[in-house]
Amino acid sequence: MFRTRVSLTVLCVLVAAATPRSYGQKPQASPKYEEAKLIAILKSDAPRKAKVDACRELARVGTRESVAPLAALLCNEELSHMARYGLEPIPDPAVDTALRDTLEKVKGRLLVGVIGSIGVRRDPKAVAPLVKRLDDPDPEVVQAAARALGRIGTLDAVAPLEKALSSTAQANRIAMSEGLFRCADVLRSQGQRKEAQAIYEQLSNAQVPEYVKTGAKHAEQALQPRTR
């Protein structure tokens, strides 16, 4: 009898511990409500730290509603980086439109960052404006554009990169080569082996460092059909 009472007591304690208590607990905010609060912080006169934290959280819960408030910070020297951090994961084409529109509004470090985010998003509509940046007087912008075009990896990004490779300054050729390698990798992953092979052939004969040529030759050989 004593053991039975002890067992029942233990069972009651375990059940009570496993049962969620509603008393004194705050109801969990919905994602939409949480997003609205974060957007309000971005639009307010809150300190930089609060806005940085809001951008970070919007990368997790942000929707189309967050795009405009985040995009408004892309020209802000202190918050542009975190605004891009918040925008990049949002699965809405409004993000791509906002990033493309910002290309004409920023320069220098901010422009390099926006170009990098466009590459992360792999926005095919950004190819034309990025190609224009291959002639930018700022080498960091040129190199960022070349890498972003490579990440996008469409066929219409290949010819401008190949043309720029032969005419750009020596300091930019590694970035052009990287862009072309990335294009080839994307095309190969999509089954366009012939197009990828043509890129590797171009690189193996270009005026680039020897290790780039060697890498291109190895990649080209890997695409060759194996003979038994």
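Being a predicted model, the structure only gives us computed values, none of them experimental.
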Pair listing, side chain to side chain donor-acceptor pair (under 3.5 Å) test, anchored in residues 198-213, at least two apart
Asp185-Tyr200
Exercise: identify the closest heavy-atom pair between Pro139 and Pro137
CD-O, 3.3 Å
In Å and rounded to the nearest 0.5 Å, what is the CG to NZ distance from Leu130 to Lys132?
10.5 Å
Take Glu220 and Ile199 through the side chain to side chain contact (heavy atoms under 4.5 Å, CB included) test and state the conclusion after the steps.
CA-CA 9 Å; Glu220 184 182 352; Ile199 295 173; over 6 Å; no
Residues two or more places apart in sequence or in another chain: which of them pass salt bridge (charged side-chain N to carboxylate O under 4.0 Å, His left out) with Arg121?
Asp96
Please give me the minimum heavy-atom distance between Leu134 and Ala146, naming the atom from each residue.
CD2-N, 3.8 Å
Can you tell me if Lys51 uses its side chain to pair, donor with acceptor, with the backbone of Ala83 under 3.5 Å?
no
Selection residues 139-162 - residue pairs positive for salt bridge (Lys or Arg N to Asp or Glu O under 4.0 Å), sequence neighbours left out:
Arg147-Glu178
For Leu110, check side chain to side chain contact (heavy atoms under 4.5 Å, CB included) against everything at least two apart and list the hits.
Glu77, Ser80, Val106
Criterion side chain to side chain contact (heavy atoms under 4.5 Å, CB included) on Leu74 and Leu99, from CA distance to verdict:
CA-CA 8 Å; Leu74 289 173; Leu99 290 170; 4.1 Å; yes
Side chain to side chain contact (heavy atoms under 4.5 Å, CB included) involving Pro89 - partner list, sequence neighbours excluded:
Ala59
I would like to know whether Cys55 and Leu79 meet side chain to side chain contact (heavy atoms under 4.5 Å, CB included); could you show each step before the answer?
CA-CA 9 Å; Cys55 290; Leu79 294 169; 5.5 Å; no
State, with a plain yes or no, whether a side-chain heavy atom of Arg133 is found less than 4.5 Å away from one of Leu103.
yes
Main-chain N/O of Leu223 paired to Arg193 side chain as donor or acceptor, under 3.5 Å
yes
State, with a plain yes or no, whether a side-chain heavy atom of Arg173 is found less than 4.5 Å away from one of Thr168.
yes
Of all heavy-atom pairs linking Ala54 and Ile41, the shortest is CB-CG2, 4.1 Å
Go through the structure and list residues passing salt bridge (charged side-chain N to carboxylate O under 4.0 Å, His left out) with Glu78, not counting sequence neighbours.
none
May I ask you to test the Leu70-Ile90 pair for a side-chain heavy-atom distance under 4.5 Å?
yes
Between atom CG of Leu161 and atom OG of Ser177, what is the distance when rounded to the nearest 0.5 Å?
9.5 Å
Any chance you could measure Ser167, atom OG, to Asp135, atom CG, to the nearest 0.5 Å?
7.0 Å
Would you say Leu203 and Leu165 make side-chain contact, with heavy atoms under 4.5 Å?
yes
Residue pairs meeting side chain to side chain donor-acceptor pair (under 3.5 Å), one or both in residues 55-65, sequence neighbours left out, come to Glu34-Arg60, Glu35-Thr63, Asp53-Arg56, Glu57-Arg60, Arg64-Asp92
Ser30 side chain to Tyr33 backbone, donor-acceptor under 3.5 Å
yes
The side chain to side chain donor-acceptor pair (under 3.5 Å) partners of Asp123 (sequence neighbours excluded) come to Arg100
Please answer: with hydrophobic residues joined when any side-chain heavy atoms are less than 4.5 Å apart, are Val120 and Val114 in the same cluster?
no
Looking at residues at least two apart in the chain, or sitting in another chain, which of them share a side chain to side chain contact (heavy atoms under 4.5 Å, CB included) with Glu195?
Leu155, Leu187, Gln192
For Ala171 and Gln143, work out which heavy atoms get closest and say how close.
O-NE2, 3.5 Å
Using every non-hydrogen atom in the two residues, find where Pro69 and Ser66 come nearest and quote the distance to one decimal.
CD-O, 3.2 Å
Walk me through it: do Ser117 and Leu87 pass the test side chain to side chain contact (heavy atoms under 4.5 Å, CB included)?
CA-CA 9 Å; Ser117 290; Leu87 284 168; over 6 Å; no
Partner set under side chain to side chain contact (heavy atoms under 4.5 Å, CB included) for Ala157, not counting sequence neighbours
Val127, Leu149, Thr154, Cys183
Whether the side chain of Ser189 engages the backbone of Val186 through a donor-acceptor N/O pair (distance < 3.5 Å, no angle test) should be reported.
yes
Minimum heavy-atom distance between Ala71 and Ala98, given as atom pair plus value:
CB-CB, 3.8 Å
